[in-house]
Amino acid sequence: MAGEPVNVNEFEELARKVLPKIYYDFFSGGAEDQYTLKENIEAFRRITIRPRILVDVSKIDMSTIILGHRTSAPIIVAPTSSHQLAHPEGEVATARGAAACNVIMGVAFTSTCTMEEVASSCKAVRFIQTFAFKREITANMVQRAERNGFRAIILTADTPRLGRKEADIKNKMIAPPFKNFEGLISTEAVSDKGSNVEAYAAETLDPSFCWKQTKAIEAGVVAGIIVSNHGARQLDYTPATISVLEEVVHAVQGKVPVLFDGGIRRGTDIFKALALGAKAVLIGRPVIYGLAAKGETGVKQVIDMLKNELEQTMALAGCCTVDDITRSHVNTETERFLCRM
C-alpha cells in the first residue's frame with residue numbers, strides 16, 4: 001500500500017505489516033469459525049441509506065452528550081486488552097489520542113498500563129471496564145477506578161468463560177502481565193495447553209454470576225446498555241450486532257440510552273447504527289490498528305477518519321445534527337425484500 005492510509009481498512013493493513021503474526025492474530029481474530037466476526041462487518045453492507053436532498057447542510061454538528069459527558073462525536077474508544085502488544089506506550093497513547101479527538105476512552109481491566117498510568121496521562125473522559133470477576137477482585141478494581149477519576153463502569157457480562165480463539169491456541173499466545181491485577185492474583189499465569197489467556201480467566205472470572213445477583217435496571221444502577229457480541233470473540237454463530245440493535249432499542253423503550261459495538265469500519269456504519277437507535281458507537285479493532293501503525297498519532301487519525309466520514313455522510317443524507325438521524329434514513333435487508341414483493 002503506497003502513501004498515507006485514507007480509510008480504516010488501510011490502517012489494518014499497516015498493522016498487519018508491523019505486528020508480529022501472533023499479536024496481529026490476537027487482535028484481529030474471533031471465536032472458532034469466525035462466522036460472527038465476518039458477519040459483524042457484512043451485515044452493515046446489507047443496510048442502505050435513504051438520503052434527504054435539498055436540505056441546508058452548511059453547518060454540521062456531530063457533538064452529542066453521552067451519559068452526561070459532551071463529546072465531539074457519538075464515538076467511544078472501546079475497552080480492549082493489551083495495547084502494549086500493539087505499541088510500547090499502550091493504553092497511555094490510546095488515551096491521549098482519544099483526548100485529542102474529544103471522545104470518551106474505555107479502559108479494560110486487562111490493560112497493559114495500570115489505570116493510574118492512564119489516568120495521569122491526559123484529561124480524557126475515562127470509563128473503566130470490568131468483567132464478572134470474583135467479588136474481591138471487582139471491589140478492589142472499582143475502588144481504584146473511583147479514586148482515579150473514572151466516570152463510569154462498563155460491565156462486560158458475556159464471559160463466564162473465554163471464547164475459543166483457535167489462532168491464539170495454535171500460536172501459543174502468551175498474554176503480557178495485566179498490571180491492574182498485581183497484588184490480587186499471580187500476574188504470571190501459565191498454561192501448557194497453548195494460549196495462557198485462558199489461565200488468567202480461570203483465576204479471575206466468576207462463572208456463577210447471574211441474574212440472581214442483580215436486576216440492574218430495576219435497581220437503578222444502569223445508565224446505559226451496550227449491544228455487543230464482544231467483537232465476535234466469545235460465542236461464534238451469534239447474530240451480527242447491528243442485526244439485533246433495533247430489537248434491543250425497542251425492548252429498552254427509552255429507559256436508558258443504548259450504545260452499539262461491533263463491526264464499525266466506516267462513517268456510514270456509524271450513521272446506520274444511529275439511525276437504528278444507538279446513542280453512540282464503540283470502536284475497538286480500528287483503534288488498535290491505528291495504535292500499532294503510528295502510536296498516539298495513528299489513534300487520532302483513525303478517530304478523525306471516522307468523524308470525517310460521519311460528517312460527510314450526514315451532509316449527503318441531509319442531517320445537520322446527530323438528532324436529525326432517524327429510522328427513516330435507512331432500509332434494512334428485510335425492508336428491501338418486502339418492497340420487491
Side-chain angles (χ1 to χ4, degrees), residues 7-9 36 39-67 69-78 103-104 224-229 231-232 238-284 286 302-340:
N7 58 53
V8 165
N9 292 322
T36 301
E39 269 294 287
N40 269 358
I41 295 174
E42 289 299 320
F44 274 106
R45 297 174 181 174
R46 296 192 290 269
I47 300 170
T48 56
I49 296 172
R50 302 177 64 191
R52 303 292 183 267
I53 308 303
L54 294 178
V55 176
D56 180 358
V57 290
S58 55
K59 294 182 180 180
I60 302 294
D61 182 6
M62 294 183 294
S63 67
T64 190
I65 296 175
I66 304 172
L67 302 181
H69 303 284
R70 179 164 288 281
T71 66
S72 64
I75 293 172
I76 299 172
V77 174
V103 299
I104 294 169
I225 292 174
I226 300 173
V227 181
S228 173
N229 55 31
T238 56
T241 319
I242 193 66
S243 68
V244 300
L245 171 60
E246 194 168 25
E247 180 182 352
V248 176
V249 170
H250 288 161
V252 171
Q253 295 182 332
K255 294 177 182 177
V256 293
V258 175
L259 311 179
F260 174 87
D261 169 63
I264 296 287
R265 296 296 185 273
R266 286 283 190 181
T268 49
D269 297 338
I270 300 174
F271 184 94
K272 292 171 185 178
L274 297 180
L276 291 172
K279 176 68 175 177
V281 303
L282 283 77
I283 310 296
V302 164
I303 297 171
D304 281 340
M305 277 181 180
L306 291 172
K307 287 172 62 176
N308 291 339
E309 289 181 4
L310 174 61
E311 182 178 26
Q312 176 84 345
T313 303
M314 290 172 61
L316 294 177
C319 298
C320 297
T321 71
V322 292
D323 289 337
D324 293 333
I325 304 171
T326 68
R327 181 62 176 81
S328 66
H329 284 95
V330 294
N331 268 347
T332 63
E333 186 178 29
T334 300
E335 290 165 332
R336 296 201 310 277
F337 174 77
L338 292 174
C339 287
R340 292 195 296 268

field: Within-4.5 Å side-chain heavy-atom neighbours: I75 and V281
entry: yes
task: Quick one: closest heavy-atom pair of V103 and S72, and the distance?
output: CG1-OG, 3.8 Å
Distance-only criterion, 3.5 Å: show the donor-acceptor pairs between side-chain atoms of residues 269-278 and protein atoms not counting sequence neighbours.
| unit_1 | atom_1 | unit_2 | atom_2 | d |
| --- | --- | --- | --- | --- |
| D269 | OD2 | R265 | N | 2.9 |
| D269 | OD2 | R266 | N | 3.0 |
| K272 | NZ | F44 | O | 2.8 |
| K272 | NZ | I47 | O | 2.8 |

Give every donor-acceptor pair under 3.5 Å between a side-chain atom in residues 311-320 and any protein atom, sequence neighbours left out.
| unit_1 | atom_1 | unit_2 | atom_2 | d |
| --- | --- | --- | --- | --- |
| T313 | OG1 | E309 | O | 2.8 |

field: Residue list, side chain to side chain donor-acceptor pair (under 3.5 Å) with T321, at least two apart or on another chain
entry: D324
Given I104, V302, I303, the one that forms side-chain contact (heavy atoms from CB on, under 4.5 Å) with V77: I303
- line: T268 meets the side chain to side chain donor-acceptor pair (under 3.5 Å) criterion, sequence neighbours left out, with none
message: Return the CD1 to CG distance between I226 and L282, rounded to the nearest 0.5 Å.
response: 5.0 Å
- request: Please name all residues satisfying salt bridge (charged side-chain N to carboxylate O under 4.0 Å, His left out) with E247, sequence neighbours left out, ordered by chain then number.
  value: none
Main-chain N/O of R50 paired with R52 side-chain donor or acceptor, under 3.5 Å: yes
Sequence neighbours excluded - salt bridge (Lys or Arg N to Asp or Glu O under 4.0 Å) pairs with any residue from residues 53-67: none
field: Separation between CD1 of I66 and OG1 of T71, rounded to the nearest 0.5 Å
entry: 3.5 Å
field: Over all atoms of both residues, closest heavy-atom pair of P239 and T36
entry: O-CG2, 4.1 Å
query: Ignoring hydrogens and geometry, is there a side-chain-to-backbone donor-acceptor pair from T241 to D261 under 3.5 Å?
result: yes
field: Interatomic distance, L310 atom CG to I60 atom CD1 [nearest 0.5 angstrom]
entry: 9.5 Å
